[in-house]
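What follows is one structure encoded as structure tokens, with my remarks underneath.
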Amino acid sequence: MASIEILNVSKTYPGSAARSVTGIDLTIRDGEFIVLVGPSGCGKSTLLRMVAGLEDISEGEVRIGDRRVNDVDPADRDIAMVFQNYALYPHMTVRENMAYGLKNRRTPAAEIEARVAEAARMLELGPYLDRKPRALSGGQRQRVAMGRAVVRQPAAFLFDEPLSNLDAKLRVSMRGEIRRLQRRLGTISIYVTHDQLEAMTLADRLVVLNAGRIEQVGAPLEIYHQPASTFVASFIGSPAMNLIDAELSGSQLRIGGAALPLDAPAPAQGPVTLGIRAEHLHRAASGLSFSVDFIEELGAQRLVHGHVEGQPLTLALPPDAPVADSMVIAPAPGALHFFDTASGQRLGAAAPAPRAKGVFA
Amino acid sequence: MNRVKPFDHLVLILGTIFMVAPVVVAFMTSTHTAADIHMNGLTLTPGGHGVETYKTVLTRQGGFTGQVTGARMMMNSLILGIGFAVGKIVLSMLAAYALVYFRFRFATAMFWVIFTTLLLPLEVRIMPSYQVMSELHLLNTYTGLIVPLLASATGTFYFRQFFKSVPDELLEAARIDGAGPIKFFIDVLVPLSKTMMAAIFIIMFVYGWNQYLWPMLMTTEERFFTLMRGIKQILQVWIGSQIPDYNEAFALAVLALLPPVLVVVVFQRWFIKGLTESDK
Ligand SMILES: Nc1ncnc2c1ncn2[C@@H]1O[C@H](COP(=O)(O)OP(=O)(O)OP(=O)(O)O)[C@@H](O)[C@H]1O
Ligand SMILES: [Mg+2]
């Protein structure tokens with residue numbers, strides 16, 4: 001029974017004044033697939049590398065299993081890592097690459113053989129075992145890198161953007177493969193990515209990082225439906241959630257000159273940032289007047305970009321929905337999110353997951 | 001791109017002739033007798049004495065003590081060349097490894113000190129080096145011949161640049177795979193450096209092979225004579241009306257050419273193979 005505890009961990013790089021990672025607290029349960037997601041430079045890799053032991057932990061504590069590992073060598077932390085550029089040993093064959101870590105641990109040769117064969121079978125690497133990495137495609141190299149992690153049978157897999165060197169199609173299939181593998185092995189995985197789609201599809205729990213701090217932790221849908229801040233709201237989901245300036249007064253929502261009745265009690269009064277997902281807006285008999293700038297056809301849906309009261313807004317409509325240059329739109333019931341204008345924090349209780357209307361959701 | 005361009009070929013052919021002609025002349029001339037050469041100068045036609053000249057050169061006991069043969073000189077040169085090349089590769093790889101992978105104070109400063117010595121030729125420090133070797137009683141030994149010249153700024157520089165180009169993730173992957181500093185060096189860096197080692201071997205072997213001044217200072221006994229000194233020796237004939245053995249000098253020169261050529265041919269293959277095969 002493995003678990004990873006990250007207790008109030010911070011990182012200050014030598015020579016830099018500010019912390020790159022600040023006060024991270026996270027407990028990862030056995031078998032959980034955790035995705036660290038956030039924009040470039042938010043400290044995802046730093047956090048992962050502290051768990052791996054490749055960076056010193058400036059403050060706080062990391063525990064793997066029931067062991068404090070702050071001062072434990074990476075090799076002895078019982079973790080395996082998959083790197084973005086694969087980091088395969090170029091002069092070793094696929095077989096040797098996978099066996100190297102086991103050899104260094106003095107695993108008996110017969111057992112190495114068996115584990116490599118098993119991993120090769122699982123990852124469909126059998127035909128390539130005697131090739132050098134340079135004779136493999138990007139996807140195959142990625143699988144070898146995963147094989148190298150799998151044969152070790154570690155307590156945790158750490159992935160640092162393992163798919164970002166692959167083309168879009170391969171990325172989707174490898175994503176599935178990683179998920180399937182992890183399900184099957186039931187090994188804790190910490191996966192770093194800046195791709196919110198990858199994050200949504202892979203994670204049991206998502207950790208959204210911003211500027212070295214945790215912004216929100218939760219299941220993908222929970223985060224999607226109840227973003228804790230404007231940062232999370234704009235980062236998770238594609239197209240990004242619409243964020244517009246509005247004002248709550250009484251039981252009315254004012255956007256510029258327009259007003260909408262609220263279907264729930266207002267969580268605050270005065271100026272707020274209003275968040276609405278593109279798919280929770282639809283044409284209505286009465287509501288906001290929306291003027292269209294341009295349309296993006298995605299096939300399954302069409303994204304209509306335009307503005308309301310001078311503020312940009314995006315609608316996701318079914319592909320066959322008629323679009324006029326100017327139309328009246330309204331939000332689905334319960335689809336409004338309110339955020340503090342200054343701090344960006346969510347206001348009021350979490351809204352219930354809204355029912356999408358007239359949209360594939 | 002791949003179209004045959006006659007002009008390019010012409011240039012190549014002319015260049016080749018220009019480079020090879022002196023060697024051909026030396027070889028052809030070495031097959032004549034000394035008297036012939038003295039009368040007719042250099043020739044481009046083969047003479048009839050090739051085999052015996054080369055046999056003499058390789059086996060005749062020469063010098064004052066009558067101890068030293070051409071074969072012996074060749075061996076000495078080889079010991080020097082290979083000793084230099086191997087020693088320099090080992091030393092400079094270790095130095096570069098320390099400079100690149102270990103964090104210690106003044107590493108950069110240290111590197112620049114090493115780097116500036118690149119600019120100083122051997123001749124500048126030849127007297128102090130001689131002094132040191134003499135006081136260590138290492139004159140007239142192979143150790144004395146080879147060791148003082150082993151520290152190589154050039155080699156250290158090249159290996160440092162190469163190690164720096166190896167992605168950090170490789171080191172990190174190795175650390176996670178449980179490879180310590182020594183294992184990483186032997187299992188990962190050394191195999192990856194093959195190309196670099198081949199290149200440096202070529203350069204350093206030729207450098208060692210061609211040493212003239214240093215062996216002359218360090219050794220007085222004839223059994224340490226190298227080919228370079230042998231050639232010089234043959235041409236230094238002062239007695240009476242004797243003609244210098246031009247043919248033998250040329251034969252030695254041709255022989256002196258062969259091992260470096262061999263080294264280049266052999267290692268170049270490896271060198272190019274390494275260049276095209278490995279991707280770091
Ligand atoms: N070795 C280092 N020395 C000093 N600062 C560093 C070092 N490595 C990273 N940083 C800083 O720490 C912060 C977090 O970096 P990190 O690499 O963890 O970001 P990231 O979230 O992985 O970004 P990306 O998505 O681009 O990989 C950045 O601001 C970066 O400048
Ligand atoms: Mg990163």
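Note on naming: letters A, B, ... go to the chains in the order of the sequence lines (proteins, then strands), and numbering restarts at 1 for each one.
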Item to check | From D177(B) atom CG to K103(A) atom NZ, the distance as rounded to the nearest 0.5 Å | outcome: 11.0 Å
Next on the checklist: Other residues, nucleotides and ligands only: do more than 12 of their heavy atoms fall within 6.0 Å of CG on D130(A)?
Outcome noted: yes
Item to check | Taking every non-hydrogen atom, the tightest pair across P74(A) and I176(B) | outcome: CB-CG1, 4.0 Å
Checklist outcome for this item: Rounded to the nearest 0.5 Å, the OH atom of Y100(A) sits from the CG atom of D187(B) at a distance of 3.5 Å
Checklist outcome for this item: Value for CG (D168(B)) from CZ (F83(A)), rounded to nearest 0.5 Å, stands at 10.0 Å
Checklist entry - Are there more than 12 heavy atoms of other residues, nucleotides or ligands under 6.0 Å from atom CZ of F163(B)? => result yes
Checklist entry - Is the CZ atom of F102(B) crowded by more than 12 outside heavy atoms at less than 6.0 Å? => result yes
Next on the checklist: Would you say that more than 12 heavy atoms from the other residues, nucleotides or ligands in this model lie under 6.0 Å from the CG of N70(A), or not?
Outcome noted: yes
Item to check | Y142(B) atom OH, neighbour heavy-atom count above 12 within 6.0 Å | outcome: yes
Next on the checklist: Show the nearest heavy-atom pair for residues G178(B) and A75(A), with the distance to one decimal.
Outcome noted: CA-CB, 3.4 Å
Item to check | Nearest-0.5 Å distance that lies between atom CG in L54(A) and atom CG in L171(B) | outcome: 8.5 Å
Item to check | Under 4.5 Å from any heavy atom of chain B - which part of A80(A) | outcome: backbone
Next on the checklist: Just so I understand: if I count every heavy-atom pair under 4.5 Å between each of A52(A), G101(A), A145(A) and chain B, which residue has the most?
Outcome noted: G101(A)
Checklist entry - Which atoms form the tightest heavy-atom contact between H91(A) and P191(B), and what is the distance? => result CD2-CB, 3.3 Å
Item to check | Separation of E169(B) CD from D160(A) CG (nearest 0.5 Å) | outcome: 8.5 Å
Checklist entry - By a 4.5 Å heavy-atom criterion (distance strictly below it), what part of R49(A) contacts chain B: side chain, backbone, both, or neither? => result side chain
Next on the checklist: Is I79(A) in contact with chain B via its backbone, its side chain, both, or neither, using a 4.5 Å heavy-atom distance?
Outcome noted: both
Checklist entry - Rounded to the nearest 0.5 Å, how far apart are CD of E172(B) and CD of E55(A)? => result 7.5 Å
Next on the checklist: Would you say CG of L10(B) has more than 12 non-hydrogen atoms from neighbouring residues, nucleotides or ligands within 6.0 angstrom?
Outcome noted: yes
Next on the checklist: Just checking E118(A): does its CD atom have more than 12 heavy atoms from other residues, nucleotides or ligands closer to it than 6.0 angstrom?
Outcome noted: yes
Next on the checklist: Take a 6.0 Å sphere around CZ of F18(B) and say whether it holds more than 12 heavy atoms from other residues, nucleotides or ligands.
Outcome noted: no
